[in-house]
Novice: 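Below you'll find the structure I mean.
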Amino acid sequence: MSDESTSTSRSVLDPYTRVAEAQFGLIMVLTFTGSLSVAEAGRADVRTMLIGALGCNIAWGIIDGILYLMDCLSERGSGIRALRALRKARAPEKAHRVIADALPPIVAATLGPAEYETIRQKLLQLPEPPSRPRLQKSEWLGALAVFLWVFIVTFPVAIPFTFMDDIGRAMRISNGIAIVLMFVSGYAFGRITGYRPWLTGLATVVVGAALVSLTMALGG
């Protein structure tokens, strides 16, 4: 059995994950930009802040990419174990339970014994699974996509400090960009969850600002 047939079908970054990563990255970079004092900060302070903010997001992008690969291995391993348990099951009913445990509950609840038996017979026709899960090229590319998404989604917040000498103006524009991005991510979250997009977007901005303030107050 190939690795592809033992893994679940999944998007590299599904909509929920994209929104969560965007919001987390924005909160992280805002804790750095918000630490600047408009009255006292100089170019050296801005440079230090930019290095810290971008470096932190690069580090988190790498960590998140590694966690994605670990999740892929976990899913593949679960698929291999499920297939082996199904083949070892002596009674069809036990094999049906193995299949049901591997399916989303809402899907498993809609299937009857005949459907489970059809699935069992098809799975028994598959080749022998590998001894251990292995990562495929698509998953390495997926980890790279995770890293790039975490970095790119937060980079616009830092751009004003790169091209503007007026720190106060750069701060206002940076905060404006962050508010827009938070609103867009909240709007998208509202659409995919069935909530009112505009209200969800506004709530996301408010909650995001509160989390940034809390993080800074706690020394983050």
Side-chain angles (χ1 to χ4, degrees), residues 1-25 27 60-150 153 184-197 199-201 203-204 207-208 211:
M1 181 178 182
S2 65
D3 280 353
E4 286 81 1
S5 57
T6 61
S7 65
T8 57
S9 176
R10 54 175 292 180
S11 170
V12 171
L13 280 175
D14 59 81
Y16 294 98
T17 305
R18 286 198 294 268
V19 170
E21 292 293 352
Q23 292 175 352
F24 181 85
I27 291 171
W60 177 248
I62 294 173
I63 292 171
D64 218 24
I66 293 174
L67 291 176
Y68 170 80
L69 293 176
M70 292 175 64
D71 193 33
C72 290
L73 284 174
S74 176
E75 286 196 11
R76 289 186 180 278
S78 297
I80 292 173
R81 289 194 302 272
L83 182 59
R84 287 176 177 165
L86 181 143
R87 290 185 168 182
K88 291 179 180 179
R90 296 185 178 182
E93 293 76 14
K94 186 175 181 181
H96 296 174
R97 287 196 295 271
V98 172
I99 297 171
D101 291 340
L103 293 173
I106 193 171
V107 176
T110 63
L111 301 179
E115 288 85 1
Y116 278 116
E117 182 59 22
T118 299
I119 296 173
R120 184 179 78 91
Q121 293 298 332
K122 289 183 178 296
L123 291 174
L124 290 176
Q125 295 173 11
L126 294 174
E128 184 67 22
S131 58
R132 60 179 62 88
R134 293 186 294 270
L135 293 171
Q136 300 296 307
K137 178 182 178 181
S138 60
E139 289 164 337
W140 288 104
L141 292 176
L144 177 61
V146 170
F147 165 77
L148 291 176
W149 172 254
V150 172
V153 76
V184 170
S185 67
Y187 185 93
F189 183 78
R191 291 194 63 181
I192 61 180
T193 55
Y195 291 100
R196 295 181 179 180
L199 290 178
T200 307
T204 300
V207 173
L211 290 174

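Not measured: the values here are computed from a predicted model.
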Novice: In the structure I gave you, are the side-chain heavy atoms of F24 and V150 within less than 4.5 Å of one another anywhere?
Specialist: no

Novice: Only one of I63, D64, I62 passes side chain to side chain contact (heavy atoms under 4.5 Å, CB included) with I66; say which it is.
Specialist: I62

Novice: Taking all non-hydrogen atoms of both residues into account, name the closest pair between C72 and L135 and its distance.
Specialist: CB-CD2, 3.9 Å

Novice: Tell me, yes or no, whether the heavy-atom count around R120 atom CZ, taken from other residues, nucleotides or ligands under 6.0 Å, exceeds 12.
Specialist: yes

Novice: For Y116 and A100, work out which heavy atoms get closest and say how close.
Specialist: OH-CB, 3.4 Å

Novice: Taking atom CZ of R196 as the centre, report whether more than 12 heavy atoms of other residues, nucleotides or ligands fall under 6.0 Å from it.
Specialist: no

Novice: Applying side chain to side chain contact (heavy atoms under 4.5 Å, CB included) to R87 and L126, what does each step give before you reach the verdict?
Specialist: CA-CA 10 Å; R87 290 185 168 182; L126 294 174; 4.0 Å; yes

Novice: Report the C-alpha separation of E139 and R76 in whole Å, then their side-chain angles, then the decisive distance to 0.1 Å, and conclude whether the side chain to side chain contact (heavy atoms under 4.5 Å, CB included) test is met.
Specialist: CA-CA 11 Å; E139 289 164 337; R76 289 186 180 278; 2.9 Å; yes

Novice: For F147, look at atom CZ and say whether over 12 heavy atoms of other residues, nucleotides or ligands are found less than 6.0 Å away.
Specialist: yes

Novice: Looking at every heavy atom in both T200 and G186, which two are closest together, and how far apart are they?
Specialist: CG2-O, 3.2 Å

Novice: Can you check whether F189's main-chain N or O pairs, donor with acceptor, with T193's side chain at less than 3.5 Å?
Specialist: yes

Novice: Between A188 and V19, which heavy-atom pair has the shortest distance, and what is it?
Specialist: CB-CG2, 4.2 Å

Novice: Could you check whether Q121 and Q125, counting side-chain N and O atoms only, form a donor-acceptor pair closer than 3.5 Å?
Specialist: no

Novice: Do you know the tightest heavy-atom contact between G65 and A143?
Specialist: O-CB, 3.7 Å

Novice: Any heavy-atom pair between the side chains of L124 and L86 that's under 4.5 Å?
Specialist: yes

Novice: How long is the straight-line distance from CD1 of I99 back to CD1 of I119, given to the nearest 0.5 Å?
Specialist: 5.5 Å

Novice: Say you draw a straight line from OH of Y68 to CG of L73; how long is it, rounded to the nearest 0.5 Å?
Specialist: 10.5 Å

Novice: Would you indicate whether the side-chain heavy atoms of L111 and L103 approach each other to under 4.5 Å?
Specialist: yes

Novice: Using every non-hydrogen atom in the two residues, find where P130 and R84 come nearest and quote the distance to one decimal.
Specialist: O-NH2, 2.8 Å

